[in-house]
Amino acid sequence: MAPLRNSRAAALPAKLSRSWLLASAASEANFAPALASEADSVVFDIEDAVPAESKAEARERVVEALSTGMTAWVRVNGIETDYWADDLAALSKAPGLRGIMLAMTEKPEQVTHTAMRLQAGTPVLALVESALGIENATAIASAPGTFRLAFGVGDFRRDTGASDDPMALAYARAKLVVASRVGQLPGPIDGPSVGALGEDLLSACKVTASMGMTGKLCLMPEAADTINKGLSPSESEIQWAHELLDAHAAGAVVGDGSYLPRLARAQKISALADSYGLWNA
C-alpha cells in the first residue's frame, strides 16, 4: 500500500507552502520518506536528478507512483529539451499530480504552453534559473497558468558567474519578489542551500525571508522542518499580532498614520499562524 502523505502538510494550500522538497525519481525508495516528511510540498524530480539515459524509466516510475495512491508535484524537463513533451503527455492523466514545476523557464509562453498540455486547473510553478528568466520574471509571473515563481540558484550562478553571497544574488531574488507581486502570485520560492542544516539553514532562511520570499527548495527531508520554522512568523511576532488584534477588538482607535498598515500586518501574521498551526507553538 502506498504511504500516506504527512497529514498536516497535505492539508496546507500550496500557495502557503514554505518547504519544497525535491525527491529524486532515480529511485522509488526516495518517494516514501519525502511524503512522510515535514515538507509542506513534495516534488518528484525527473529533471536534474535523473541522467539522460534514465529519463524514460524515471518518468514511468513517477506516473506509477501517482497512479497508485501517492500525491506530489513533479519537476519536468525544460521546454527546450527532448523530454518536455513526453513528460507532460505521461503526467497529464496521473490522478495524484498536484502540479508541475517547469525547469529552465525563460519566457511567459513556456508556462502557458505547459499548462495547455495538462488538465485544466493544474498549477505550473515556473523555475527561473537564468539571466534571461530573471529579466523576464514579470512577464512570466503574469502569464496564464503561472501559479508561483521559484529561483534556481545553482543554474543561475552558472549562467552569470555570481557567487553564493546574498549580496550577489539580491537583484535576482528581489526581481522575483517584485514580479510575483505584480503578477498577484504568492511569494516566490528561494533556491536550496545545498548541504546546510541546523543554524546554517536557519541563517539562510533569514536571507530568504528578508528578501520577501516565502518558500525555499530543499534536497533533504531533514531540512524541511527547519525551513518551516525559519519561514514562519516568530513567537514574538505572533505575540505582537495577538496583542494588537486584541486591543483593536476592544476598541483601540487609530493613533497615527502607521496604525492601519500595522493592523494589516498583524492580521496577516495571525492568518499565517492559524494556517501553520502555530498559536500553541
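Computation of the quantities below employed the complete heavy-atom set of this structure, encompassing side-chain atoms and omitting hydrogens, waters and symmetry-equivalent molecules.
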> Mark yes when over 12 heavy atoms from residues, nucleotides or ligands other than Q184 sit less than 6.0 Å from its CD; otherwise mark no.
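No, not enclosed.
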> Would you please say whether a donor-acceptor pair under 3.5 Å links the side chains of N6 and E38?
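Per modelled atom types, N6 and E38 side chains form a pair under 3.5 Å.
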> Given side chains that start at C-beta, do those of L197 and T226 come closer than 4.5 Å, heavy atoms only?
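Not touching, per the 4.5 Å side-chain cut-off.
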> So among R59, K55, E47, which one has a side-chain hydrogen bond (donor to acceptor under 3.5 Å, both in side chains) with N77?
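It is K55; the other options fail the test.
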> I'd like to know if the side chain of T105 pairs up with that of Q110 as donor and acceptor (distance under 3.5 Å, no hydrogens or angles considered).
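Judged by distance alone, the side chains do not pair up.
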> Out of V207, N228, L201, which one pairs with K216 under the side-chain contact (heavy atoms from CB on, under 4.5 Å) rule?
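It is L201; the other options fail the test.
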> Assign the ring pair W73 / W20 to parallel, tilted or perpendicular, where the plane angle (0 to 90°) is split at 30° and 60°.
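Rings of W73 and W20: perpendicular, as their planes differ by over 60°.
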> Rounded to the nearest 0.5 Å, what separates atom CD1 in I227 from atom CG in D225?
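It is 10.0 Å, given to the nearest 0.5 Å.
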> Taking V74 as the fixed residue, which of L88, L66, D87 is the one that meets the side-chain contact (heavy atoms from CB on, under 4.5 Å) rule?
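Testing each of L88, L66, D87 against V74, the sole residue satisfying side-chain contact (heavy atoms from CB on, under 4.5 Å) is L66.
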> Hey, is CD on E237 packed in by over 12 heavy atoms from elsewhere, all under 6.0 Å?
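Counting other residues, nucleotides and ligands, CD of E237 exceeds 12 neighbours.
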> Are any of the side-chain heavy atoms of I189 and L217 separated by less than 4.5 Å?
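Answer yes - side chains close enough.
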> Would you say V111 and F147 make side-chain contact, with heavy atoms under 4.5 Å?
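The answer is no, as the side chains (C-beta and beyond) never meet within the 4.5 Å cut-off.
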> Would you tell me whether T208 and D190 have side-chain atoms, one donor and one acceptor, within less than 3.5 Å of each other?
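Yes - a donor-acceptor pair under 3.5 Å links their side chains.
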> Between the side chains of T214 and R148, does any donor sit under 3.5 Å from an acceptor?
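The criterion, which ignores hydrogens and geometry beyond distance, is satisfied for R148 and T214.
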> Please determine whether a side-chain nitrogen of the Lys or Arg among R158 and E129 lies less than 4.0 Å from a carboxylate oxygen of the Asp or Glu.
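Salt bridge between R158 and E129, a charged N being under 4.0 Å from a carboxylate O: no.
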> Counting only heavy atoms not in R181, do more than 12 fall under 6.0 Å of its CZ?
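No, because the 6.0 Å sphere around CZ of R181 holds 12 heavy atoms or fewer from other groups.
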